[in-house]
Amino acid sequence: SQQGEEDPQALSIQEGENATMNCSYKTSINNLQWYRQNSGRGLVHLILIRSNEREKHSGRLRVTLDTSKKSSSLLITASRAADTASYFCASGDGGSNYKLTFGKGTLLTVNP
Amino acid sequence: EAQVTQNPRYLITVTGKKLTVTCSQNMNHEYMSWYRQDPGLGLRQIYYSMNVEVTDKGDVPEGYKVSRKEKRNFPLILESPSPNQTSLYFCASSLSSGYYGYTFGSGTRLTVV
């Protein structure tokens with residue numbers, strides 16, 4: 001079964017707007033990670049939030065984690081056309097950091 | 001520059017012809033992993049390694065082999081490739097601490113005809 005499931009599958013917004021993507025997971029986690037992938041390219045690690053953290057910021061990115069609901073969200077503020085990409089959450093099965101499972105991703109399109 | 005290097009970037013091969021996709025990292029990472037990415041299925045883990053000589057199956061290991069004889073290298077071997085192994089493959093590595101994410105290679109696009 002999928003450990004990480006992103007929602008929505010696709011999101012289209014205008015430049016300057018905020019984008020919110022959600023992720024749900026099933027088992028206990030050590031940490032939850034978010035990645036970005038530009039079309040056909042390698043994934044780039046964005047941010048990692050540990051299970052004892054509730055919120056984390058990095059530049060225009062804000063990640064929240066709710067372990068009671070087994071969910072996380074990624075907020076991109078003041079989006080730019082260059083933010084157009086697929087975004088994936090990933091977590092380790094049973095709290096591991098080596099058996100990472102990725103969701104199918106959210107395709108974000110930021111229109112100029 | 002800290003990176004994960006995969007080779008080749010593109011490969012077209014025929015059914016049954018053994019091939020190896022190489023992966024090397026220069027960050028002294030303990031964890032290494034192989035994923036395949038297919039439309040509609042997302043990224044699925046093939047094999048992972050926690051350290052030298054320690055490997056284990058991921059979610060889709062059938063038809064693949066790996067080895068980890070040195071810390072920096074983690075090759076993916078397809079002994080007898082089939083068309084259903086046509087995919088985009090990624091190698092990734094990470095420190096074991098749980099405080100850092102994975103660094104991914106640029107990918108290998110494999111076509112088996």
Side-chain angles (χ1 to χ4, degrees), chain A residues 1-7 9-10 21 23-53 56 58 61 63 72 74 85-107, chain B residues 2-7 9-10 23 25 27 29-52 54-61 66 68 74 87-110:
Chain A
S1 60
Q2 289 288 335
Q3 173 72 323
E5 296 281 354
E6 294 89 348
D7 170 60
Q9 290 186 332
M21 287 158 269
C23 168
S24 61
Y25 59 92
K26 292 181 170 60
T27 67
S28 63
I29 60 170
N30 178 280
N31 61 60
L32 188 131
Q33 305 172 31
W34 286 90
Y35 291 80
R36 183 187 73 228
Q37 183 183 33
N38 291 91
S39 180
R41 312 273 304 262
L43 280 77
V44 174
H45 178 252
L46 295 175
I47 196 166
L48 179 153
I49 186 166
R50 292 184 62 78
S51 58
N52 60 354
E53 297 176 307
K56 200 163 183 179
S58 177
L61 305 181
V63 169
S72 173
L74 171 67
S86 291
Y87 292 82
F88 297 87
C89 69
S91 57
D93 285 352
S96 76
N97 199 45
Y98 46 83
K99 198 177 185 311
L100 271 190
T101 301
F102 286 78
K104 294 181 183 177
T106 292
L107 176 59
Chain B
Q3 59 186 357
V4 175
T5 303
Q6 289 179 234
N7 280 297
R9 288 292 310 277
Y10 301 92
C23 173
Q25 50 94 3
M27 297 164 281
H29 285 172
E30 294 86 7
Y31 292 168
M32 296 188 75
S33 193
W34 276 103
Y35 289 86
R36 60 177 288 175
Q37 185 176 32
D38 302 287
L41 296 176
L43 285 109
R44 294 178 292 168
Q45 193 173 41
I46 304 171
Y47 269 95
Y48 60 92
S49 171
M50 290 167 278
N51 215 322
V52 176
V54 183
T55 63
D56 206 349
K57 297 176 181 178
D59 296 315
V60 288
V66 293
R68 186 96 181 269
F74 191 44
S87 187
L88 179 58
Y89 291 86
F90 290 104
C91 179
S93 71
S94 171
L95 288 169
S96 62
S97 67
Y99 286 90
Y100 301 95
Y102 273 76
T103 301
F104 276 75
S106 299
T108 296
R109 189 167 291 279
L110 172 66

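Worth saying up front: this structure is predicted, and the values here are computed from it rather than measured.
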Peer 1: For B:S94, is it the side chain, the backbone, both, or neither that has a heavy atom closer than 4.5 Å to a heavy atom of chain A?
Peer 2: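 For B:S94, the side chain is the part near chain A, not the backbone.
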Peer 1: Could I get the full list of side chain to side chain contact (heavy atoms under 4.5 Å, CB included) partners for B:T55, not counting sequence neighbours?
Peer 2: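 Scan of B:T55 (side chain to side chain contact (heavy atoms under 4.5 Å, CB included), adjacent residues dropped) gives B:S49, B:V66, B:R68, B:F74.
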Peer 1: Less than 4.5 Å apart, side chain to side chain, heavy atoms only: is that true for B:L43 and A:L43?
Peer 2: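 Yes, side chains in contact.
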Peer 1: For B:Y35, which atoms come within 4.5 Å of any heavy atom of chain A: side chain, backbone, both, or neither?
Peer 2: side chain
Peer 1: Could you pull out the closest heavy-atom pair between B:Q37 and A:F88, with the gap in Å?
Peer 2: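 Taking B:Q37 first and A:F88 second, the nearest heavy atoms are NE2-CZ, 3.8 Å.
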Peer 1: Under 4.5 Å between any side-chain heavy atoms of A:L100 and B:Y102, yes or no?
Peer 2: yes
Peer 1: Which atoms of B:Y48 are under 4.5 Å from chain A, going by heavy atoms: the side chain, the backbone, both sets, or neither?
Peer 2: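 The side chain, not the backbone.
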Peer 1: Among A:S86, A:G42, A:G105, who wins on heavy-atom pairs under 4.5 Å with chain B?
Peer 2: A:G42
Peer 1: Top residue by heavy-atom pair count (under 4.5 Å) with chain A, among B:M50, B:R109, B:Q6?
Peer 2: B:M50
Peer 1: Highest number of heavy-atom pairs under 4.5 Å with chain A: which of B:Y31, B:F90, B:Y100?
Peer 2: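 If we count pairs closer than 4.5 Å to chain A, B:Y31 comes out on top.
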Peer 1: Check whether B:E30 gets within reach of chain A through its side chain, its backbone, both or neither, counting any heavy atom under 4.5 Å.
Peer 2: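 Interface part for B:E30: neither.
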Peer 1: Just to verify, what does A:H45 make a side chain to side chain donor-acceptor pair (under 3.5 Å) with, not counting sequence neighbours?
Peer 2: none
Peer 1: Output the option from A:Q37, A:Q9, A:R50 having the highest count of non-hydrogen pairs under 4.5 Å with chain B.
Peer 2: A:R50
